[in-house]
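Residues take their numbers from the sequence shown, with the count starting at 1. In listed order, ligands and their atoms are each counted from 1.
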Amino acid sequence: MHPGDTHRIKVPFVDLYAQYQSIRPEIDAAIRGVIAESAFVRGPHVESFERAWAKTLGMRHCVSCANGTDALYISMRGLQLKPGDEVITTAHSWIATSETITQAGGRVVFCDTDEDTFTINPALIESKITPRTVGIIPVHLYGQSADMEAIMAIAAKHKLWVIEDCAQAHLARFKGRLAGTFGNAATFSFYPGKNLGAYGDAGCIVTNDDKLADWTAAFARHGGKGDHVMEGINSRLDGLQAAILNVKLPHLGDWTEARRRIASRYDELLSGVGDIVTPKIGRDRDHVYHLYVIRTERRDALKKHLADAGITTVLNYPKALPFYPAYACLGHKPSDFPVAYRNQSLILSLPVFPEMGNEMIVYIASQIKGYFDGSNA
Ligand SMILES: *Cc1c(COP(=O)(O)O)cnc(C)c1O
């Protein structure tokens, strides 16, 4: 055994079972309740979750739907996106953010990111605006808010709508204000691995716009129950997922704090190790660490080293969106999005989940240190 090595432990990227065990009696009772009531699709659990999530954010409406991807699509339809309309979004996100623009009939216009925060760089947005631009979708990537003050100012100046993609940013804040409360609408995902996660797919739209709330709720349920004023889609939150989310929501604050503690432990242990850049927090923001993403020139070798040590890491995401085959038709080159392009080969997401023990963090940090010590020798 290498001197200084701790014993080998297996570290998953997330451990949803550990979280289940910590709240098992409540979850089991909630699931039994839904089955006993046959409240499988929509119903009282869905309604109470919609109320609770709207209240948590201080928003008037929460319209639940099947997943965070649908939430984006439905919002854009609700904002009356027309064929050929252009929507500006970040070059660095999960593809749900951009594919739904196309799905809703629009044209995707990518904008590069800010060096420190991985979020859309507001200083570049105006250069992307054309007479066809109708909206902006910032993504609060990894759990850190985009610069919502600058983005809302640009949107107001050019009369554009804003949809905040909050899939990774439950309870994140900008200038003390919760992410999801700035735009015309915000979308959340409750995919199991998200900071607030169901046991299957789930999502919602939040808004203070009464008309948008009514329209999106009707559209997501076949254009309205009973009286079909229009054609819609079937995108519903199911009762089991809502009941699980109702159990989990009261814990979200503590889980978020736990993520922050883990992140600051990592910050401490990884400071000055090799060429590692730990996550930077932009001014006026509170990070909720959906992901803890470090940067290093030796990313691929480090990833392999950690895998050999039983530690699962992930690339979120291996390519910036404009460089996937899906967007080859746009003909972009690396120099169009230099920051996102550079980051795609540097980023590495380390495990972070609220139930992670200190020994896991210490083990991961020591393996990372060991890698750099060894490879420098
Ligand atoms: C997870 C995610 C989505 C999509 O949510 P689903 O519930 O998986 O459909 C959208 N945008 C971002 C940034 C995400 O991380």
Hey, is Asp275 close enough to Arg298 for a salt bridge, meaning N to O under 4.0 Å?
-> no
Which of Tyr191, Phe188, Trp255 passes ring-ring contact (aromatic ring centres under 6.0 Å, His included) with His170? It is Phe188
Contact atoms of ligand 1, heavy-atom distance to Thr97 under 4.0 Å | 11 (N)
For atom 15 (O) of ligand 1, the protein heavy atom that lies nearest, with its residue and separation | Gln168 NE2, 2.8 Å
Write out the residue and atom name of the closest protein heavy atom to atom 12 (C) of ligand 1, then the distance separating them to 0.1 Å.
-> Ala167 CB, 3.4 Å
Report the C-alpha separation of Ile244 and His45 in whole Å, then their side-chain angles, then the decisive distance to 0.1 Å, and conclude whether the side-chain contact (heavy atoms from CB on, under 4.5 Å) test is met.
-> CA-CA 9 Å; Ile244 287 158; His45 302 283; over 6 Å; no
Does Asp201, backbone or side chain, put an N or O under 3.5 Å from an N or O of ligand 1?
-> no
May I ask you to identify the nearest protein heavy atom to atom 8 (O) of ligand 1, giving residue, atom name and distance to one decimal place in Å?
-> Ser189 OG, 3.9 Å
Could you check Glu50 against Ser64 for side chain to side chain donor-acceptor pair (under 3.5 Å), going step by step and ending with a plain yes or no?
-> CA-CA 6 Å; Glu50 286 178 334; Ser64 63; 2.6 Å; yes
Can you tell me which residue and heavy atom of the protein come closest to atom 2 (C) of ligand 1, and the distance to 0.1 Å?
-> Lys194 NZ, 2.6 Å
Ligand 1 N/O within reach of Ser93 N/O, cut-off under 3.5 Å | no
May I have the step-by-step check of side chain to side chain donor-acceptor pair (under 3.5 Å) for Tyr292 and Asp267, ending in yes or no?
-> CA-CA 10 Å; Tyr292 186 91; Asp267 287 347; 2.6 Å; yes
Any ion pair linking Lys303 and Asp300 (charged N to carboxylate O, less than 4.0 Å)?
-> no
Against heavy atoms of Val139, which atoms of ligand 1 measure under 4.0 Å?
-> 13 (C)
Which one holds for Asp165 and ligand 1: side chain close, backbone close, both close, or neither close, with close meaning a heavy atom under 4.0 Å?
-> side chain
Interfacing atoms of ligand 1 (cut-off 4.0 Å, heavy-atom, Asn67) = 7 (O), 9 (O)
With a cut-off of 6.0 Å (strictly less than), are more than 12 heavy atoms of other residues, nucleotides or ligands near OH of Tyr327?
-> yes
Are any side-chain N or O atoms of Glu164 and backbone N or O atoms of Gly183, one a donor and one an acceptor, separated by less than 3.5 Å?
-> yes
Looking at Ala96, which atoms of ligand 1 are within less than 4.0 Å of one of its heavy atoms?
-> 3 (C), 4 (C), 10 (C)
Any residue meeting salt bridge (Lys or Arg N to Asp or Glu O under 4.0 Å) with Asp116, in chain and number order, not counting sequence neighbours | Lys280
Can you check whether Gly68 has an N/O within less than 3.5 Å of an N/O in ligand 1?
-> yes
What part of Thr69, side chain, backbone, both or neither, has a heavy atom within less than 4.0 angstrom of ligand 1?
-> both
